[in-house]
Amino acid sequence: MSRDTELPPLRVVLTGGAGFIGSHLAEDLLRDGHRVVVVDNLVTGKLENIASLRSDPHFEFIYHDVSNHLHVAGPVDWVLHLASPASPIDYLNLPIQTLKVGSLGTHNALGLARAKGAAFLLASTSEVYGDPAVHPQPETYWGHVNPIGPRGVYDEAKRFSEALTMAYHRQHGLDTRIVRIFNTYGPRMRAQDGRVVSSFIVQALAGQPLTIFGQGQQTRSFQFVSDLVRGLRLLMARPVHEPVNIGNPEEFTIQGFAELVLRLSGSSSRLSFQPLPQDDPQQRRPDITRARELLGWEPEVRAEEGLRRTIAWYRSNLGLAPALGEK
Ligand code: NAD
Ligand code: UDP
């Protein structure tokens with residue numbers, strides 16, 4: 001079986017489904033005839049992201065904070081738990097909410113899955129590796145996280161949510177998945193979410209300086225959202241309970257990435273070097289051997305192509321005309 005399109009139609013509860021990744025996943029599931037119930041409190045998501053789905057009779061939206069008891073009427077086949085602030089500025093602004101949704105929210109989502117006899121997927125993150133001393137990062141690496149630093153609210157919430165998911169699997173026999181998502185980008189990222197891809201594109205299109213934190217020599221590996229959605233669907237279709245990295249191993253320094261955005265957007269913005277935030281990881285690249293071997297997954301969209309599509313989306317979204325030099 002290659003993906004869950006070969007399964008009968010499922011009813012899927014998607015927490016955080018009004019966010020960037022969740023809305024793409026909801027769209028993909030609906031396209032294949034599944035039913036989707038998005039549960040979201042819109043703390044960082046937007047109704048606009050799911051506006052085109054709301055007329056679909058297979059789509060439901062429940063406005064709810066999943067850190068509070070979670071009730072969904074009727075049968076449920078899958079609970080996909082994506083609810084959490086995800087961008088550094090969001091989780092630094094919402095530290096307690098982030099810890100609560102990673103702990104209480106994950107507990108409630110697991111409880112819902114158990115009560116319904118549903119399978120469960122946790123959207124975890126490459127941040128569980130912290131500032132990694134092993135490069136690239138395989139799933140067997142336990143990480144290097146500062147539990148009391150400002151980023152700890154996100155990293156430790158996700159590490160706890162992984163531990164809780166494994167406990168439900170071991171103690172209750174719940175059918176679980178854990179995906180460690182690496183930096184993902186694409187249409188519908190909020191222009192002001194402070195993540196590097198959205199920030200650089202918006203700055204480049206507005207002719208403003210690109211804000212490079214530190215010397216710009218730290219690295220990240222960026223995947224286009226459609227590759228992630230395909231990976232999530234493949235993971236749902238396989239009984240793989242250990243964590244799986246899903247990310248694109250194409251690695252960039254942040255300065256190199258800024259130069260790529262400038263070239264692809266035809267922008268003449270300059271680079272502006274700003275202080276490096278505390279505990280900012282120095283390097284990050286997924287080892288995707290496990291995803292390749294267990295899911296037959298690997299990324300298909302190269303950075304240039306994904307960035308072109310994302311720049312085009314921001315351009316029409318921000319109402320800007322193509323630049324003369326745009327390639
Ligand atoms: P996002 O902020 O766009 O989406 C998160 C969604 O969760 C939002 O719609 C938000 O309103 C909702 N939410 C947050 N707290 C909630 C709560 N208590 N109750 C109900 N809804 C709540 O972020 P995203 O980039 O789409 O991330 C989705 C998931 O993927 C997150 O769990 C994130 O940690 C994980 N992830 C994302 C990336 C990435 O690069 N985008 C990388 C690693 C992991
Ligand atoms: N970054 C940057 N300028 C920005 C936003 C981010 O140089 O305007 C850097 C940030 O310090 C980090 C990298 O880009 O080294 C990726 O940041 P992002 O917030 O996108 O994701 P994360 O740090 O969670 O990987």
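Remember, it's 1-based here, ligands and their atoms both numbered in the order they're listed. Quick note: numbers below take in every heavy atom, side chains included, and nothing from hydrogens, waters or symmetry partners. All residue numbers in this chain count up from 1 along the given sequence.
In this structure, the protein non-hydrogen atom closest to atom 16 (C) of ligand 1 is N41 OD1, 3.3 Å. Nearest to atom 4 (O) of ligand 1 among the protein's heavy atoms is G19 CA, 3.4 Å. Looking at atom 19 (N) of ligand 1, its nearest protein heavy atom turns out to be V66 N, 2.9 Å. Nearest protein neighbour of atom 40 (O) of ligand 1, counting heavy atoms only, is T184 N, 2.8 Å. Of the protein's heavy atoms, V43 CG1, 3.5 Å lies nearest to atom 15 (N) of ligand 1. Nearest protein neighbour of atom 43 (C) of ligand 1, counting heavy atoms only, is I181 O, 3.0 Å. The single protein non-hydrogen atom nearest to atom 13 (C) of ligand 2 is I254 CD1, 3.6 Å, given as residue, atom name and distance. The single protein non-hydrogen atom nearest to atom 15 (O) of ligand 2 is D280 OD1, 2.6 Å, given as residue, atom name and distance. For atom 1 (P) of ligand 1, the nearest protein heavy atom (residue, atom name, distance) is T44 OG1, 3.8 Å.
If you number the atoms of ligand 2 from 1 as listed, the ones under 4.0 Å from a heavy atom of I212 come out as 7 (O). Close approach of ligand 1 to S84 is summarised as follows: ligand atoms under 4.0 Å from at least one heavy atom of the residue are 5 (C), 7 (O), 13 (N), 14 (C), 15 (N), 31 (C), 32 (O). The distance from ligand 2 to the heavy atoms of N183 drops below 4.0 Å at these ligand atoms: 21 (O), 22 (P), 25 (O). Interface of G45 with ligand 1, defined as ligand atoms under 4.0 Å from a residue heavy atom, comprises 8 (C), 9 (O), 10 (C), 11 (O). When each atom of ligand 2 is checked for a heavy atom of P88 under 4.0 Å away, the hits are 19 (O), 24 (O). Every atom of ligand 2 is numbered from 1 in the order shown, and the set under 4.0 Å from a heavy atom of S199 is 8 (O). Atoms of ligand 1 found under 4.0 Å from any heavy atom of H64, numbered from 1 in the order shown, are 19 (N), 20 (C). Numbered from 1 in the order shown, with element, the atoms of ligand 1 that lie under 4.0 Å from a heavy atom of N183 read 40 (O). Interface of D65 with ligand 1, defined as ligand atoms under 4.0 Å from a residue heavy atom, comprises 17 (C), 18 (N), 19 (N). Ligand-side atoms of ligand 1 in range of S67: 18 (N), range being under 4.0 angstrom from any heavy atom. Distances below 4.0 Å separate heavy atoms of E127 from the following atoms of ligand 2: 24 (O).
In this structure a side-chain-to-backbone donor-acceptor pair under 3.5 Å is missing from K100 to P95. Remark: the backbone N or O of I288 is not paired with any side-chain donor or acceptor of W297 at under 3.5 angstrom. Side chain of R188 to backbone of K46: no donor-acceptor contact under 3.5 angstrom is found. Panel note: side chain H64, backbone V39; no donor-acceptor pair is recorded below 3.5 Å. In this structure a side-chain-to-backbone donor-acceptor pair under 3.5 Å is present from Q223 to I246. No donor-acceptor pair closer than 3.5 Å links the side chain of S84 to the backbone N or O of A86.
Residue F257 places every heavy atom at 4.0 Å or more from ligand 2. Residue contact check for ligand 2: Q274 places no non-hydrogen atom closer than 4.0 Å to it. No heavy atom of T15 sits closer than 4.0 Å to any atom of ligand 1. Within the structure, the closest approach of K158 to ligand 1 falls below 4.0 Å when heavy atoms are considered. Taking 4.0 Å as the cut-off, G194 counts as a neighbour of ligand 2 on heavy-atom distance. Residue contact check for ligand 1: E127 places no non-hydrogen atom closer than 4.0 Å to it. Ligand 2 lies out of reach of Q215, whose nearest heavy atom is not under 4.0 Å from it.
Taking the six-membered ring where tryptophan is involved, the planes of Y63 and F61 are tilted, since the angle between them lies from 30° to 60°. Ring orientation note: the planes of Y154 and Y91 are close to parallel, at an angle under 30° on the 30°/60° scale.
Heavy atoms from other residues, nucleotides or ligands lying under 6.0 Å from NE2 of H144 number 12 at most. Residue-environment remark: NE2 (H172) exceeds the threshold of 12 foreign heavy atoms within 6.0 Å. Within 6.0 Å of the CD atom in Q192, the count of heavy atoms belonging to other residues, nucleotides or ligands does not exceed 12.
A side-chain N or O of E251 and one of T219 form a donor-acceptor pair less than 3.5 Å apart. The closest side-chain donor-acceptor pair between T106 and H81 falls under 3.5 angstrom. With 3.5 Å as the limit, one finds a donor-acceptor pair spanning the side chains of Q274 and S272. Side-chain atoms of R284 and N183 form a donor-acceptor pair, as typed in the model, at a separation below 3.5 Å. Using modelled atom types, one finds no donor on one side chain facing an acceptor on the other under 3.5 Å when comparing Y185 with R195. In summary, the side chains of S124 and R180 do not present any donor paired with an acceptor at a separation below 3.5 Å, with no hydrogens or angles considered. A donor-acceptor pair shorter than 3.5 Å cannot be found between the side chains of D90 and T44. Q137 and S126 share no side-chain donor-acceptor pair at under 3.5 Å.
Of the heavy atoms in L42, only backbone atoms (N, CA, C, O) come closer than 4.0 Å to ligand 1. Of all the heavy atoms of V196, the ones lying under 4.0 Å from any atom of ligand 2 are found in both the backbone and the side chain. Both the backbone and the side chain of T211 come within contact range of ligand 2, each with a heavy atom under 4.0 Å. With a heavy-atom cut-off of 4.0 Å, R195 touches ligand 2 through backbone and side chain alike.
Evaluated by nearest non-hydrogen atom to atom 35 (C) of ligand 1, the leading choice among Y63, Y154, F20 is Y154. Taking each of I50, L70, D40 in turn, the one with a heavy atom nearest to atom 11 (O) of ligand 1 proves to be D40. Closest heavy-atom approach to atom 41 (N) of ligand 1 among the candidates K46, R220, R195, Q223: R195. Summarising the contacts of atom 44 (C) of ligand 1 with S124, S161, A86, the nearest heavy atom is found in S124.
Here F120 and Y168 keep their ring centres 6.0 angstrom or further from each other.
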Would you please test E305 and R302 for salt bridge (Lys or Arg N to Asp or Glu O under 4.0 Å) and show each step? CA-CA 5 Å; E305 186 193 336; R302 298 287 312 268; over 6 Å; no
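Looking at L82 next to ligand 1, an N or O pair under 3.5 Å apart turns up. For ligand 2, the polar-atom distance check against R151 finds a nitrogen or oxygen pair separated by under 3.5 Å. Taking any N or O of F213, backbone or side chain, at least one lies under 3.5 Å from an N or O belonging to ligand 2. Checking only distances, I21 does come within under 3.5 Å of ligand 1, N or O to N or O. Between Q203 and ligand 2, no N or O atom pair is found at a separation short of 3.5 Å.
For the side-chain contact (heavy atoms from CB on, under 4.5 Å) with F200, the lone residue among L205, I311, V261, L260 that qualifies is V261.
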